[in-house]
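Working notes, structure below.
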Amino acid sequence: MWSRGFHFFFKIIPSAFRLSLFFVLYLSALLPLCAWQCNVLDYGAKGDGVQIDSHAINLAIDAASNHGGGVVQVPAGVYMCYSIHLKSNVTLQVDSGAVIRAAMPTAGLTYDLPEENESSYQDFGHSHWQNSLIWGIGLHDVRVCGNGLIEGTDVLSRGSARLRGLPVANKALALRECRNVVVEGLKFLNCGHFAMLLTGVDNLLVQDVTIDSNRDGIDIDCCEDVVVRHCSVNTLNDDAIVLKSSYALGRLKATARVVIEDCLVSGYDVGSFLDGSMTVNTTSAPDRDGPTGRIKLGTESNGGFHDIVIRRCELRHCRGMALETVDGGCMERVEVSDIVMTDICNAPFYVRLGGRRRGPDGTPVSSVHGIKFANILVRDVDSRYASIVAGFDSCSVVSDIEFRDVSLQYRGGITLDDVAMQRGSNAFFTRQPDYPEPAAHGIQPASCFVLTNVDGIRFINVEIEILCLDERPKVLLQNARDVSFSNVTYVGNRSIGYADRMVVE
C-alpha cells in the first residue's frame, strides 16, 4: 500500500492558486537577475564577532533599495547584530560561513521596540514584528537566502519583551503583510519564540531551510498561496511547522492554499539536529508532555484554514499531526498524504473542533469538514494517546473525515485501571482544560481511535498493530454518526468490526 502515489494537488487547488504557485516557485530564480549588488563589508561591517554590524548591513540594504533593488551579500564571518530592516526588491544573501548572530542588548544599543498592536486575542509574540533580529512590514519582492546561519543563542527570548531589564528581540525573522517573499537555504539556531513569524504574507516560498530552535520553527499566520518544501525543522519545545489564522492583523484572514511537502520535523534535543548528534536526553517540553516538533494547524484559528496540502513529510521523535480550530474559523479541504511517523509521543492524529472562541464579541464556534488522511505509516506510538477526532458538542460536530491506507503501530501495555485512575496522565493540562492538546483529554478508554461528536467518518484499508497487551477496546464512539469501516484489520486479520473489538455509546 505504501508505494501508491497520490497526485491530488491539481484536483483540489483552484486554478488561481496554480498560477500564483508558478510565480512563487520561479521568484527565487528571477529576483537576482540583472540586480545591483553590494557587499556589507564595503559599508563598514567587520564580521569579526565583536563589532556590532547591523548598522552597516542596514546601510547596504538602504543602498540596494535606493538603486531600485538589488542583492546585499553577507560574506563569511560572524556578524553581531541588532535589528536588520528588510526592504522591497532587495535580496539579503547570507553566504556559506556567514553567521548573523543576535547581539546581547546593552544600555545604549538594543533591538527595535515592539510596535503598537492589539494583542487581546493572541499572545505577545504573535502580535509584534519589529522586535526581531530581521524584520519587514508592508514589503514586496523580498528574498532572504544563502547557506549561512541565523543564530540567537542566549539572546533571542522565548517570549519575554526584556532580557536583563533591557528590550530584546524574540524572533529571528518576522514579516507582516508582505507579498512575493522567498526564504531559501538558510540555517537557524536557537531563535527564541519563533525562527520565522510570517503574518499576512502572500505568495510565499520557504525552501531548503534547516531550523534547530528552542520554540516554534515556521509560523505561517493569515497567509495565502504558500509553499514550504524541503525543510528540516527540529523544535523539541514547541511546534515545528505550524499554520495559524490569528486576529493579529486586526481582522479575519484565512490561511489558505498552502502546500507543505518533502519536509522533516522532529523533537530532538535543541542544537543536536544541526550538529548531527540528534540526542534525546530531554524527554518533555515545557507543557510536561513529550517532545513537540510536529506539523500543526492552530491553535490560533480566528480566520480558519482551507485548501491545505501536506504531503511526503516525516515526523520523527515528536508529537503527531494536529489539526485544530477553536477560535471561530472554518477548517475545510485539508489533505494529508504520504506521511511517515516514527517514535510518536502522543496522538498520531488529532482533529479538534473547540469552543475557546478567543476573539471579538460574537465569535462563533468553529467548524471542521473535508479532511483526508491517506497513505500514512505510523510506528512506535505512546499508547497513552489514542488518535482523537472530536467536535465541540452534539450541535457542532466534525464531519467528512477519511482515513485511507493507514498503518498504525502502538506500543500497548495500558490497563483499564490505568484509565480509571488516569495513571500516567499529564496533570499540567487540568489547569487549562479548554486548550486543544491530546494530553488535555487524559488517558483514553480506547487504544486506537476515540471519535466524539462526529458525523461521517470513514476508515478504509487501515491496519492496526499493538505490540503489548492492551486491555482497552480499540475504538470508542461517542455521539458518532455515520462511521464506516472497510477492510480495517489488526495484524493477524482480526477484524475491528466485531462487538468485542469496539464500544459504541
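Computation of the quantities below employed the complete heavy-atom set of this structure, encompassing side-chain atoms and omitting hydrogens, waters and symmetry-equivalent molecules.
For Phe124 and His193, the ring centers are positioned 6.0 Å apart or more. Taking the six-membered ring wherever Trp is involved, the centroid distance between the rings of Phe403 and Phe449 falls below 6.0 Å.
Looking at Tyr111 and Ser132, their side chains never come closer than 4.5 Å, going by heavy atoms from C-beta outward. Contact annotation: the side chain of Cys81 approaches that of Leu133 to within less than 4.5 Å [non-hydrogen atoms, C-beta and beyond]. When side chains are defined from C-beta on, Thr282 does not count as touching Val280, because their heavy atoms never get closer than 4.5 Å.
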Worksheet item: For His126 and Tyr247, what are the C-alpha separation, side-chain angles and deciding distance, and is it a ring-ring contact (aromatic ring centres under 6.0 Å, His included)?
Response: CA-CA 9 Å; His126 275 293; Tyr247 207 75; over 10 Å; no

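Taking CD1 of Ile371 as the reference point, atom CE of Met321 lies at 12.0 Å (rounded to 0.5 Å). Rounding to the nearest 0.5 Å gives a distance of 10.0 Å between NE2 of His140 and SG of Cys178. Atom CG in Leu297 sits 7.0 Å away from atom CD1 in Ile260 (nearest 0.5 Å).
For the side-chain hydrogen bond (donor to acceptor under 3.5 Å, both in side chains) criterion with Asn234, the lone passing option out of Asp212, Asp269, Thr210 is Asp212. Tested against Arg143, the residues Leu92, Val182, Asn89 include a single side chain to side chain contact (heavy atoms under 4.5 Å, CB included) partner, Val182. Checking Val72, Leu175, Val181 one by one against Leu86, the side chain to side chain contact (heavy atoms under 4.5 Å, CB included) holds for a single residue, Leu175.
For the salt bridge (Lys or Arg N to Asp or Glu O under 4.0 Å) condition, the pairs that include at least one residue of residues 291-304, sequence neighbours left out, are Asp239-Arg294, Asp239-Lys296, Lys244-Glu300, Arg294-Glu437, Lys296-Glu324, Glu300-Arg358.
Between the side chains of Asn453 and Asp393, no donor-acceptor pair is found at a separation under 3.5 Å.
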